[in-house]
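Single-structure report; data block below.
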Amino acid sequence: MPQPDPATEASRTPAVEAGGPRLPTYPQDPAPPQPPTPSNAGAAADNPVYTDRTEPGEGGELHQLPGNGIPPLTTSQGQPLSDDQNSLKVGDRGPTLLEDHAFRDKMFHFDHERIPERVVHARGYGAHGTFTAAEDLSDLTRASLFAEAGKETPVFVRFSTVAGNLGSFDLARDVRGFATKFYTDEGNWDLVGNNIPVFFIQDALKFPDLVHAVKEEQDRGWPQAQSAHDTFWDFVGLMPESTHMLLWQMSDRTIPRSFRFMQGFGVHTFRFVDADGASTFVKFHWVPRQGLQSVVWNEAVKINGADPDFHRRDLWTAITNGDFPEWDLCVQTFDDDFADSFEFDVLDSTKIIPEEQVPLRVIGTMRLDRVVDNVFSETEQVAFMSQNVVPGIDFSNDPLLQGRNFSYLDTQLKRLGSTNFSQLPVNAPRCPVMHFQRDGHMQMGRQAGRANYEPNSFTGAAAGPRADREAGFRTVERPESGTTRRVRAESFADHYSQAGQFWRSQTAVEQDHIRMAFVFELSRCEIPAIRKRVVANLRNVDEELAAGVADGLGMDLPEATEPAVAPRHDLPDSPALSMAFRAPDSFAGRKLGILVSDGTDGALLDALTQAVTSAGGLVETAALKVGGVVLAGGQARTPVDHKIDGAPSVLFDAVALLATGEGATELAGHPAVRDFVSDAFSHYKHIAYVQGAQPLLDVGGVADRLDEACHDLGSVTPDDLVAALAGLRRWERDV
C-alpha cells in the first residue's frame, strides 16, 4: 500500500493559530446592533411637547419630522419610514392594503411584545451597580471576585415581591426577592435570595404546592398578591415546618419602607472552596448601610392606594438623585465540626445560625448607581439561576437548594423562549465565553470555524476550547453513601424552637405587630378550622403569642398541636433578629413632606430644606394647588411638588406643617389635609409645625395630643429637628 506523502499531509493540516478562525465570545466584538437609545433620554420632562419641525396631515394629525438631532424613524429592518401616522389605503377612505409592510412590521412586533411573566417574583425592579471586595479571601475561596481588596465586579440586582403578578402593588405583605448577578471575570455568579433568611418548606418537591396555595384561589381568581386567605393558611397550617417563616412573614420585614432599607439573604448553606479544594460552609447576608425601615400595616394599605409603584419610584428617585444605596456582603463561615455540633441541621432552609453564635464577616460592599435604560430588556429579561456559580463557590446538600438548581433552567427557557437567553445583554457574561453549543432560536454568536465538537484533531484556534483541570470549576469531593429513599431527615423535625427564639428576640412593639398581623390574616379565612389549626401550632412557639392571636380572633384557645420534636424554649435571645438592632442613625435617604400655603415663611422653608438635604434627606412640598404658592413677602408664585390630594403623608417619613394664616384655614377645610395630619400622627411619625398651622392640628384631631415627636418650629431649630428625625417613629405614642 502506498505510504502518504508527508508534504501532501501537511497541506491538509487544519488551520493553525495564525490566521485561524475566531470562536464566538459574548458579548461580541464588535457589539451587535442595539435598539436606538436617545442620548437625551429624559429631556422630554423639560420640553414635554416637541413642536420643532412638525406639520399637519390632511386629517389634522401631527407629523413630526427628523432633523436637528432627531433621527429618521425606521422599520425593524432599518428601512426609513415616510409616514408613521397612517396605514396604506386605497384612496382616502378605502380598505387597508395587505402590502403595507410597515404596518405589518409594527403590528407584528406589538402583538408579540409580551412574554410569560414569572410564576413567582413577577413584580420586580432592577438596577445596576458595582461590588467591591473588602479583602483577599483566598484563605476561604478561590473565587476571583474576592481575590484582592478593592477589586470591583459589575452587578445587576432585581428586587421583587413573590406572590403577586406583574401588575400588583408594591406594598403587599410579602417576602421580597433579593437577586444579585455578579458579572465576574470567571463567569456569572447569581446569588438568588430573599429579604428573609428562612423559607416555608424544607424540600423543593413542595414548592409548587406552596405557590399554588398562596396564589389567587382558582375557583374565584382572588385575592391578588395576598396571603390572607384560606388556601394559604390551610397549607401552612398543615406544614409545621412553615411556622418559623410565618413569624418572619408576619413581622414588619415583609412590609419594608423601601428596597433600600431591607436586608438580603442567600437562605441556603453554600460552600466556599479554596485553591487546594478544601471547603468551608458559608451563608450569605446583605446588610444595608442605610439601616432597616418598614411601615405599619395601615400605612401600607394607604400607600398602595396612593402610589402602587412606591418601591419602584423610591429606588429610581434615590439613584437618579445620586443617593446610591449600599449593602455590605457579609458571610457566616463554619466547618464540619460546627455543623455537626449545631443544635439544628445546617441543610435545613427553615433554620438560621444566629449571629451571636457565628458573627458576620464583611467581605465586600455593593453600591447601586445606575437605573436601567429599559425595564423590559433588563429587569424583565434578566435570568437568575441559583446554579450559576463560579470556581470557588459550590453547593451543599440542602434539598431545597438542590431542587432550585434543577428548576431554574426550565423557567428561563419557558419565559425567554430560547436556550440562547444567556446572549441577551443583561444575562451575557462579561468574560470570554467559549464552547461548542450551536444554533437554536435567536443564536447571535458568530460560530466561525470548522469544529463544533470535541475531542477533535484540529490545532490552534480552529481546535476550539478545552476543559481546564486547574482553572476550571471543580465540584467539592465529598463522600456520599446511603440507600435511595424518599425521606425527610430526622434532624429537620424541630419546627418550633427557632420560631420561638425569633419571637422572644423582638421588641414589644415588633411583637405587637406580629400578633396583629396574624389576627388580620387569619380573620380573612372563611373556614374556622383553619384558624384553629394555626393557633394550635402557635402554642408550640409561645403561649402568649397564641393566646393573643386567639383573643384577637374571638376564639377559644385550642389544644396545642402535637409536635414531632418537643420545642425548646431555652434558646438564648438573638438581638440581631430584631429590626431595631439595625435601626437607622440618621435621616439620610429619607423624605420630609412639607405642607405649604400662601403666606408660608420662605426663609424657614429654605432653612428646613437646607438642613434636611445636608443630612442626606429629601424634601418635597405639597399645597392646595399644584401651581404653587406665594410665600410671605413674595410676589411670584413658588412651585410645589404635589397637589395635596396626590401627596398623602404615607409617602413621607416625616412631615412639617408650614401653612399659616388664611392659607392654613383654607387647607384645613380640605379632607386630604385632615388625613395628612391624622395619618402622620397615627403612623407614629415626627410632625413639625409652626404656630400658624394650628387649624391643621385641630382638623387632624391631634392638637391636644402632641408629644415629644411633635416639634414646634418656633422653639426648635431646623438642625435640631433633623437630628430628632433620625428616630423616624415614636412607637410610645398612644394612637
Side-chain angles (χ1 to χ4, degrees), residues 15 20-39 71 73-80 101 104-118 126 128 153-156 158 179 181-190 370 372-385 387-390 408-454 456 458 461-467 473:
R22 295 182 62 188
L23 289 165
T25 180
Y26 313 109
Q28 299 176 34
D29 184 20
Q34 297 292 318
T37 302
S39 59
L73 182 67
T74 74
T75 68
S76 64
Q77 300 296 326
Q79 301 144 348
H101 70 283
R104 170 72 170 136
D105 177 83
K106 185 175 183 178
M107 193 58 64
F108 166 78
H109 191 279
F110 174 77
D111 289 342
H112 296 272
E113 280 182 356
R114 294 294 174 262
I115 63 174
E117 69 176 35
R118 290 168 168 85
H128 297 270
T153 300
V155 297
F156 183 83
R158 186 178 187 272
K181 186 179 290 291
F182 297 79
Y183 301 98
T184 86
D185 50 18
E186 289 188 318
N188 290 350
W189 171 37
D190 292 351
R370 180 165 65 88
V372 301
D373 294 318
N374 184 285
V375 172
F376 176 80
S377 297
E378 297 165 271
T379 306
E380 285 308 300
Q381 290 196 131
V382 67
F384 293 100
M385 297 187 292
Q387 67 265 37
N388 277 359
V389 293
V390 294
Y408 277 43
L409 196 58
D410 281 340
T411 296
Q412 307 310 339
L413 177 60
K414 171 65 176 178
R415 293 193 64 248
L416 301 174
S418 168
T419 58
N420 293 312
F421 66 84
S422 61
Q423 297 181 31
L424 294 168
V426 72
N427 295 319
R430 310 286 175 86
C431 64
V433 178
M434 309 289 284
H435 53 63
F436 293 110
Q437 296 173 10
R438 292 295 183 256
D439 306 337
H441 288 291
M442 307 308 294
Q443 173 59 252
M444 292 174 281
R446 296 189 303 273
Q447 298 183 343
R450 194 170 183 183
N452 60 356
Y453 57 91
E454 68 89 24
N456 62 62
F458 292 81
R466 298 289 187 268
F473 179 87

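- The NZ atom of Lys106 sits 12.0 Å away from atom NE2 of His109, with the distance rounded to the nearest 0.5 Å.
- Annotation: the span from Asn452 atom CG to Arg438 atom CZ amounts to 5.5 Å, rounded to 0.5 Å.
- The line from NE2 of His441 to CZ of Phe421 is 14.5 Å long, rounded to the nearest 0.5 Å.
- When all heavy atoms of Ser422 and Pro429 are compared, the pair lying nearest together is O-CD, 4.0 Å.
- When all heavy atoms of Leu416 and Ala383 are compared, the pair lying nearest together is CD1-CB, 4.0 Å.
- Taking Gln79 as the reference, Thr75 meet the side-chain hydrogen bond (donor to acceptor under 3.5 Å, both in side chains) condition, with sequence neighbours excluded.
- Looking only at distances, no side-chain donor or acceptor of Asn388 sits under 3.5 Å from a matching main-chain atom of Asp190.
- Residue-environment remark: CZ (Arg104) stays at or below the threshold of 12 foreign heavy atoms within 6.0 Å.
- In terms of modelled atom types and a separation under 3.5 Å, the side chain of Asn456 and the main chain of Tyr453 share a donor-acceptor contact.
- In this structure, Ala451 and Phe458 approach most closely via the heavy-atom pair CB-CD1, 4.0 Å.
- Ring geometry for Phe182 against Trp189 counts as parallel: the plane angle stays under 30°, on a 0 to 90° scale with 60° as the upper cut.
- Closest non-hydrogen pair, Met385 versus Leu409, comes out as SD-CD1, 3.5 Å.
- The heavy-atom pair separating Arg415 from Pro116 by the smallest distance is NE-O, 3.1 Å.
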Problem - side chain to side chain contact (heavy atoms under 4.5 Å, CB included) between Thr411 and Arg118, intermediate numbers included - result: CA-CA 8 Å; Thr411 296; Arg118 290 168 168 85; 5.7 Å; no

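- A donor-acceptor pair under 3.5 Å is formed between the side chain of Tyr183 and the backbone N or O of Val426.
- No more than 12 heavy atoms of other residues, nucleotides or ligands lie within 6.0 Å of CZ in Phe110, so this atom counts as exposed by the packing criterion.
- Donor-acceptor pairing under 3.5 Å is recorded for the side chains of His128 and Glu378.
- For Phe376, the CZ atom counts as densely surrounded, since its 6.0 Å shell holds more than 12 non-hydrogen atoms of other residues, nucleotides or ligands.
- Judged by distance alone, with hydrogens and angles left aside, the side-chain atoms of Asn420 form no donor-acceptor pair with the main-chain N or O of Gln423 at under 3.5 Å.
- Between Val390 and Glu186 the shortest heavy-atom distance is CG1-O, 3.8 Å.
- Applying the side-chain hydrogen bond (donor to acceptor under 3.5 Å, both in side chains) criterion to Glu380, with sequence neighbours excluded, gives no partner residue.
- With hydrogens and angles ignored, the 3.5 Å screen pairs a side-chain donor or acceptor of Arg158 with a backbone N or O of Thr379.
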